[in-house]
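These numbers come from the heavy atoms of this one structure, side chains and all, not from hydrogens, waters or symmetry mates.
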Amino acid sequence: MKWVYIEDVSQHNGQEVEIRGWVYNKRSSGKVRFLLVRDGTGIIQGTVFHQDKDFPLFKIFDELTQESSVIVRGKVREDHRAPGGYELEISDIEVIQIARDYPITPKEHSVPFLMEHRHLWLRSQKQHAVLQVRAETVRAIRDFFDGRGFRLMDTPILTPSACEGTTTLFETQYFDQKAYLSQSGQLYNEATAAAFGKVYCFGPTFRAEKSKTRRHLIEFWMVEPEVAFATLEDIIELGQDLIMFILERVLERRKKDLEILERDTAPLEKITKPFPRLTYDQAVKQLVEHGSRMAYGDDFGAPEETILSRIYDRPVCVTHFPAKIKAFYMQPDPERPDLALGVDFMASEGYGEIIGGGQRIHDLELLEKRIKEFNLPLEAYEWYVDLRRYGTFPHSGFGLGLERTVAWLCKLPHIRETIPFPRLLYRIYP
RNA sequence: UCCUCGGUAGCUCAAUCGGCAGAGCGGGUGGCUGUUAACCACUAGGUUGCAGGUUCGAGUCCUGCCCGAGGAGCCA
């Protein structure tokens with residue numbers, strides 16, 4: 001008998017097939033039994049009918065518990081009464097294991113309990129849907145950059161120095177010296193951009209920030225393109241195109257998952273280019289008008305990001321931040337050197353920043369001056385400064401946070417469900 | 001790190017003024033021929049986070065600690 005995945009059963013209507021999976025739930029009503037089986041690709045309802053209540057299949061059925069592993073054989077039949085539209089008329093159930101006392105029942109559970117059982121929680125429908133959206137977003141990102149001639153350059157995770165300051169770095173031992181887990185691939189990207197023109201890296205990054213909010217993970221994934229000779233304007237265009245590409249792809253291919261999550265897709269479907277553009281000055285003015293108490297020169301806090309993204313029905317680009325609140329490598333605005341040529345993209349519906357980037361300093365002397373001003377160890381940055389010694393080039397790039405993007409697409413209240421095993425402040429288990 | 005809230009059955013929660021620790025789900029047993037988080041009946045299940053204290057008596061009040069959630073700062 002042919003082993004078939006549930007997502008493909010519609011192609012086997014009327015045929016005898018074998019489904020290998022786990023018991024999702026079961027219901028019984030005297031002489032009819034319903035078995036919900038999931039196999040990772042979907043859930044199908046199987047039925048067993050018999051006049052005799054001592055029918056042997058009933059005995060096996062009655063033994064089954066939630067998440068028991070089984071091989072179920074039977075005939076596929078289209079039936080509108082079944083969840084999923086197709087049903088399996090069960091002729092045989094082969095039990096691999098009866099699962100005893102599966103902790104996650106089909107009722108409500110608290111977040112701490114589910115987080116403690118994250119390894120099992122992944123099996124439930126909504127978590128499954130979120131991670132499908134994540135996987136699709138990853139595919140979309142790769143397709144977007146690969147399709148535009150970008151070269152994937154994997155940057156190191158173990159690094160000898162800080163990218164943007166040492167306070168939020170994870171320190172580890174590298175034989176007889178210290179190393180740090182990468183917070184960003186950007187500096188290395190700038191080197192590969194000089195070798196390949198346009199590049200991107202996409203991998204995990206680590207920040208030892210003691211932040212405990214709905215939008216922070218200790219370990220998160222970031223895609224970072226870097227383009228030689230590109231200006232701030234060029235990468236704003238690139239960022240918009242990337243967001244539109246992801247949006248269209250997920251809406252096209254993962255509609256069902258968004259339905260399972262009860263995500264109203266109308267606000268996402270309305271989004272078009274170009275996104276509204278604001279300078280930092282304009283943004284501050286708008287924020288104050290909408291009730292923010294921030295002062296000029298402050299960076300945006302969570303409330304500011306939220307207010308801003310609620311004013312507009314699409315993502316918003318904010319540019320020209322005060323240089324003081326941005327990283328050391330940010331190119332100053334030639335007309336107003338106190339401003340940095342940086343850009344942040346705020347997702348709509350209150351989700352806040354999903355992209356941060358800008359144009360990098362390409363002038364040798366200016367970069368050296370900034371490294372000193374930020375009290376960074378110059379010797380650790382020698383290789384980085386070399387990029388300004390040997391054919392320096394204006395260049396720009398950004399980082400897009402994968403989990404924040406997925407949280408926005410799925411409209412989740414917290415970022416922790418967008419990665420299979422979130423690393424959070426005070427939580428590294430499982 | 002700071003602020004706020006919380007910890008009672010396997011899970012989600014209740015317990016009035018300090019006075020017999022309880023319900024639903026899940027488990028078990030039985031019933032039901034189309035169930036949709038099925039339903040109905042019965043049943044087992046407790047170191048009330050930990051350590052002290054006050055009291056005739058503490059889940060409830062006090063002190064300390066542990067754990068968790070929400071928020072702030074910082075950031076993608």
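- Comparing B:C17 with B:C61, their P atoms are spaced 11 Å from each other, to the whole Å.
- Under the 30°/60° scheme for interplanar angles, the aromatic rings of A:Tyr200 and A:Phe145 are found to lie parallel.
- No side-chain N or O of A:Tyr329 forms a donor-acceptor pair with one of A:Glu190 less than 3.5 Å apart.
- Counted by atom type alone, A:Glu226 and A:Gln186 present zero donor-acceptor pairs between their side chains at under 3.5 Å.
- Taking atom C1' on both B:G49 and B:C39, the two are 37 Å apart, rounded to the nearest angstrom.
- The side chain of A:Arg81 has B:U35 as its nearest neighbour among B:C32, B:C74, B:U35.
- A:Gln66 comes within contact range of no nucleotide atom at all, as no heavy-atom separation falls under 4.0 Å.
- Rounded to whole Å, the P atom of B:G70 lies 29 Å from the corresponding atom of B:G27.
- A:Phe113 comes within 4.0 angstrom of sugar-phosphate atoms only, judged by non-hydrogen atoms across all strands, and of no base.
- Between A:Phe34 and A:Phe49, the two ring planes are perpendicular [angle over 60°; tilted spans 30° to 60°].
- Atom pair A:Gln183:CD and B:A76:C1' shows a separation of 11 Å (rounding to whole Å applied).
- Classification of A:Arg263 and A:Glu349 as a salt-bridged pair holds, one side-chain N sitting under 4.0 Å from a carboxylate O.
- With no hydrogens or angles considered, no side-chain donor-acceptor pair links A:Gln45 and A:Arg81 at under 3.5 Å.
- For A:Ser110, counting side-chain heavy atoms from C-beta on, the closest listed nucleotide (B:A76, B:G34, B:C11) is B:C11.
- A:His117 and A:His119 have parallel rings, their planes meeting at less than 30° on a 0 to 90° scale where 60° marks the start of perpendicular.
- The gap from the P atom of B:U60 to that of B:U54 amounts to 15 Å, rounded to the nearest Å.
- Using atom C1' as the reference point in both B:G31 and B:A14, the two lie 31 Å apart (nearest Å).
- Using bins of under 30°, 30° to 60° and over 60° for the plane-to-plane angle, the ring pair A:Tyr381/A:Tyr384 lands in the perpendicular bin.
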TODO: Would you write the dot-bracket representation of RNA chain B, where each base gets (, ), [, ], | or . depending on whether it forms a Watson-Crick or G-U pair under 3.5 Å and with which partner?
DONE: (((((((..((((.....[..)))).(((((.......))))).....(((((..]....))))))))))))....

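- Counting non-hydrogen atoms under 4.0 angstrom, A:Glu87 reaches a base of the nucleic acid.
- Because its glycosidic torsion is within 90° of 0, B:C17 is reported here as syn.
- Within the 4.0 angstrom heavy-atom criterion, only backbone atoms of the sugar-phosphate kind lie near A:Asp299; the bases stay farther away.
- A stacked arrangement is assigned to A:Phe220 and the six-membered base ring of B:A76, with a centre-to-centre distance below 5.5 Å and an interplanar angle below 30°.
- For A:Arg27 against B:C32, no side-chain N or O and base N or O form a donor-acceptor pair under 3.5 Å.
- A:Thr405 comes within contact range of no nucleotide atom at all, as no heavy-atom separation falls under 4.0 Å.
- For A:Val32, whose side chain is taken as the heavy atoms from C-beta onward, the closest listed nucleotide among B:A76, B:G26, B:G34 is B:G34.
- When the P atom is used for both B:C75 and B:C13, the distance is 35 Å, rounded to whole Å.
- In summary, the side chains of A:Glu136 and A:Gln132 do not present any donor paired with an acceptor at a separation below 3.5 Å, with no hydrogens or angles considered.
- For the residue pair A:Asp281/A:Thr279, the side-chain donor-acceptor check at 3.5 Å is not satisfied.
- Comparing the same atom, C1', in B:C56 and in B:C50 gives a spacing of 26 Å after rounding to whole Å.
- No contact: A:Leu402 has no heavy atom under 4.0 Å from any strand.
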Open item on the list: Using a 4.0 Å heavy-atom cut-off to protein, can you give one letter per nucleotide of nucleotides 67-73 of chain B, 5' to 3': B if the base is in contact, S if only the sugar-phosphate is, - if neither?
Closed with: -SBBBBB

